[in-house]
S.K.: 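First, the structure itself, so that you have it in front of you.
By convention in this document, chain letters (A, B, ...) are assigned in the order of the sequence lines, proteins followed by strands, and residues within each chain are numbered from 1.
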Amino acid sequence: MDSGGRDVSEVALKDTVVTAGEAASRSAVLRRLRLTDTVFHGLTRGAAFAVLALLSGVIVALVIGAAPAFGTFGFSFFYDESWNPVTEKFGALAPIYGTLVTSAIAMVIAVPVGLMVAFFLTELCPMVLRRPIGIAIELLAGIPSIIYGIWGLFVFAPFLQQYVQPFMISAFEDVPVLSSLFAGPPYGIGMLTAGLILAIMVLPFVTSISRDVFDAVPPVLKEAAYGVGCTTWEVFRHVVLPFTRVGVIGGFMLGLGRALGETMAVTFVIGNAHHVSASLFAPGTTISASIANEFTEAVGDLYTSALVALGLILFFITFIVLAIARYMLMRIQKRVG
Amino acid sequence: MTDTAIVAARSPLYAGRRRRNTVAKGLALAATIFGLGWLVLILGILLYKGLGGLSLQVFTEMTPPPGAAGGLLNAIVGSLVLTVLGVAIGTPIGILAGTYLAEYGRHDKLSSVVRFINDILLSAPSIVIGLFIYEVMVAPMGHFSGWAGAVALAVIVIPVVVRTTEDMLTLVPDTLREAAASIGLPRAHMIVRIAYRAASAGIVTGILLAVARISGETAPLLFTALNNQFWSMNMNAPMPSLPVVIFQFALSPYEEWQKLAWTGALLITVAVLALSIFARSLTAARKS
């Protein structure tokens with residue numbers, strides 16, 4: 001311990017007679033203490049402002065970078081499908097479409113599965129296993145996304161191509177809507193593969209947040225429901241879920257935010273084709289995958305700017321989704337706490 | 001069984017409810033096995049493919065040109081340098097901002113805004129962070145650089161550290177603060193001497209989790225630090241890193257490169273998972 005603390009106790013506890021010299025040194029110490037406190041207060045406040053500056057910096061930098069593209073293409077940037085670096089004609093429709101479709105696939109799978117895992121962990125699982133299983137599921141979230149990418153490209157995509165996709169194509173051949181959803185040659189890579197990998201990545205997010213909010217349900221509520229003879233499932237379905245609805249939706253939104261912005265895993269398996277196609281087996285692209293694939297190779301200011309504009313759109317979408325998520329989670333926290 | 005129980009068991013309504021309950025429980029178990037299955041599957045294949053290429057060469061030789069054998073030494077060292085610098089830049093800012101949120105401005109307007117913004121940054125797409133650093137560092141400087149990569153990683157570190165620091169400081173009982181105040185200790189000294197000390201395990205956990213998070217990050221490095229085929233310690237030049245090398249090698253048609261990519265993937269995963277388990281055990285031990 002250095003001098004500061006000892007000085008303080010000496011100064012603070014000496015309530016007996018004080019000589020002139022002591023008084024002088026005492027006020028000097030107090031001045032120093034006040035100074036360090038002010039400086040530290042200022043530093044922490046500055047750091048808090050730095051966090052704000054960071055977000056505004058991101059927005060400003062992206063807007064400036066995207067300006068040439070928006071200036072050239074105007075509003076048509078949002079609904080134009082063409083993406084041609086040679087003629088410098090760029091439109092964001094295909095990446096936006098790909099981003100939304102792959103995230104939708106991910107959520108359709110991850111939400112029910114994640115909820116059921118959380119149901120299992122909070123209501124059914126033996127106590128000893130709860131922690132290990134919970135940690136194992138969270139490890140899924142800890143695996144870097146590039147690992148999902150390399151695994152998806154070399155293991156998962158070939159598996160889908162060989163066993164799953166041909167089967168689905170022939171099975172749904174005569175079903176009206178599904179036949180166009182699952183059409184075309186089985187490439188292995190494509191939007192469905194990307195969506196499935198995203199589902200695995202989002203699953204731990206949905207699970208851990210759902211589990212946390214389920215755990216926060218007052219036991220009295222559940223016990224009352226059991227008391228009138230409800231089954232475990234009925235307690236979950238009619239007491240726990242309605243009580244935690246807001247928090248659960250917040251968890252979905254958080255997962256959705258991750259799915260929308262996920263880059264590396266998708267880049268490996270999406271195929272990077274700027275086409276909007278109805279078939280989920282077709283290669284496509286997402287906003288993040290386009291940026292990752294093309295940014296370093298982009299020649300010309302307009303090409304770079306178009307990619308930055310894609311980044312701005314992605315940031316805007318995820319910002320809204322995450323803001324909703326936080327708002328919902330804040331509401332459930334207030335209700336429980 | 002009593003009479004009423006038998007009657008109840010026979011009633012179709014009751015039987016239906018019981019059936020639904022059993023089905024739901026079965027589905028929940030299946031979902032859990034499904035989730036754990038992916039973990040086993042991914043780690044299993046990673047071990048199988050990665051261990052095959054693991055040798056001393058990986059740690060002693062540079063990344064090879066196409067078609068030749070080599071190692072990952074420059075990429076591993078590059079990753080370490082970038083990660084250490086990223087944490088070194090991001091942690092002080094993160095801890096200070098977290099301190100403001102928990103100590104000085106717990107209930108003020110600025111804090112609630114910063115808290116919200118920080119949560120958004122926490123889950124913002126990392127590729128957007130890469131674009132941001134490209135716009136503010138790489139484009140003005142005119143070249144890719146290790147510094148740009150380190151700063152991009154620091155931007156990812158900050159929100160993680162802010163969040164955990166604030167959470168951990170809020171857990172410190174107020175009686176400690178009051179005791180310090182009652183002997184006349186100014187706030188700054190109370191925070192540094194008492195609050196930080198009480199929350200140290202949690203804050204360290206936050207930093208470790210941030211390290212785990214950035215050591216696998218690829219997207220923000222793609223167009224900041226870029227990559228480098230050779231040994232480079234020059235922070236003003238493009239810098240190799242393990243994730244970017246994996247990305248490049250895995251998508252290449254060369255078998256040696258793909259093999260190295262798997263080995264690199266194994267190294268990263270082991271490092272990241274070990275870090276996050278260690279970080280968790282640090283706080284778990286403290287709790288019990």
S.K.: Go through the steps to decide whether B:D119 and A:R326 satisfy the test salt bridge (charged side-chain N to carboxylate O under 4.0 Å, His left out), and finish with yes or no.
M.R.: CA-CA 8 Å; B:D119 279 348; A:R326 288 302 164 189; 3.7 Å; yes
S.K.: Tell me, side chain or backbone of A:A292 under 4.5 Å from chain B's heavy atoms, or both, or neither?
M.R.: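 Both the backbone and the side chain of A:A292 come within 4.5 Å of chain B.
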S.K.: Are A:T36 and B:H189 close enough that some pair of their side-chain heavy atoms sits under 4.5 Å apart?
M.R.: yes
S.K.: To check you understand the geometry: which heavy-atom pair defines the closest contact between A:A136 and B:L39, and what is its length?
M.R.: O-CD2, 3.4 Å
S.K.: Measuring heavy-atom distances to chain B, does A:L140 have an atom under 4.5 Å in its side chain, in its backbone, in both, or in neither?
M.R.: both
S.K.: Tell me if a side-chain donor or acceptor on B:N21 pairs with a main-chain N or O of A:T231 at a distance below 3.5 Å.
M.R.: no
S.K.: Would you say A:D37's side chain and B:A188's backbone share a donor-acceptor pair under 3.5 angstrom?
M.R.: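 Side chain of A:D37 to backbone of B:A188: a pair is present.
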S.K.: Less than 4.5 Å to any heavy atom of chain B: does that hold for the side chain of A:L153, its backbone, both, or neither?
M.R.: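 Contact with chain B involves the side chain of A:L153 alone.
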S.K.: Checking heavy atoms, do the side chain of A:F236, its backbone, both or neither come under 4.5 Å from chain B?
M.R.: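 Neither part.
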S.K.: Show the nearest heavy-atom pair for residues A:A47 and B:A97, with the distance to one decimal.
M.R.: CB-N, 3.4 Å
S.K.: Contact part of A:V155 toward chain B, heavy-atom cut-off under 4.5 Å: side chain, backbone, both or neither?
M.R.: side chain
S.K.: At a 4.5 Å cut-off on heavy atoms, which part of B:L266 comes close to chain A: side chain, backbone, both, or neither?
M.R.: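 Neither part; nothing is under 4.5 Å.
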S.K.: Less than 4.5 Å to any heavy atom of chain A: does that hold for the side chain of B:L46, its backbone, both, or neither?
M.R.: side chain
S.K.: Check whether A:I150 gets within reach of chain B through its side chain, its backbone, both or neither, counting any heavy atom under 4.5 Å.
M.R.: both
S.K.: Could you tell me which portion of B:I120 (side chain, backbone, both or neither) has an atom closer than 4.5 angstrom to a non-hydrogen atom of chain A?
M.R.: both
S.K.: Quick one: what part of B:V114 sits under 4.5 Å from any heavy atom of chain A, side chain, backbone, both or neither?
M.R.: both
S.K.: B:S276 versus chain A, heavy atoms under 4.5 Å apart: side chain, backbone, both or neither?
M.R.: side chain
S.K.: Would you mind checking which part of B:L222 comes under 4.5 Å of any heavy atom in chain A, side chain (CB onward), backbone (N, CA, C, O), both or neither?
M.R.: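 When you check distances to chain A, atoms from both the backbone and side chain of B:L222 fall under 4.5 Å.
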S.K.: Is chain A contacted by the side chain of B:F223, its backbone, both, or neither, given a heavy-atom distance below 4.5 Å?
M.R.: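 B:F223 touches chain A through backbone and side-chain heavy atoms alike.
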S.K.: Non-hydrogen atoms of chain A under 4.5 Å away: do they reach the side chain of B:L43, the backbone, both or neither?
M.R.: side chain
S.K.: Is A:T318 close to chain B through its backbone or its side chain, or both, or neither, when contacts mean heavy atoms under 4.5 Å?
M.R.: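 Contact with chain B: side chain only.
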S.K.: Can you check whether A:L314 reaches B:I127 side chain to side chain, under 4.5 Å on heavy atoms?
M.R.: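 A:L314 reaches B:I127 side chain to side chain.
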S.K.: Please look at B:F247 and chain A and tell me whether the side chain, the backbone, both or neither of the residue comes under 4.5 angstrom of a heavy atom of that chain.
M.R.: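 Looking at B:F247, backbone and side chain both touch chain A.
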S.K.: Which atoms of B:I95 come close to chain A, meaning under 4.5 Å heavy atom to heavy atom: side chain ones, backbone ones, both, or neither?
M.R.: neither
S.K.: Let me see the working for B:R280 and A:E138 under salt bridge (charged side-chain N to carboxylate O under 4.0 Å, His left out), right down to the final yes or no.
M.R.: CA-CA 11 Å; B:R280 273 166 221 275; A:E138 273 166 33; 2.9 Å; yes
S.K.: Quick one: what part of A:L124 sits under 4.5 Å from any heavy atom of chain B, side chain, backbone, both or neither?
M.R.: side chain
S.K.: Taking the side chain as everything from C-beta on, heavy atoms only, tell me whether B:L110 gets closer than 4.5 Å to A:F49.
M.R.: yes
S.K.: Measure A:L310 against the heavy atoms of chain B and call it side chain, backbone, both or neither at under 4.5 Å.
M.R.: neither
S.K.: Have a look at B:T218 and tell me which of A:T267, A:T263, A:I146 forms a side chain to side chain contact (heavy atoms under 4.5 Å, CB included) with it.
M.R.: A:I146
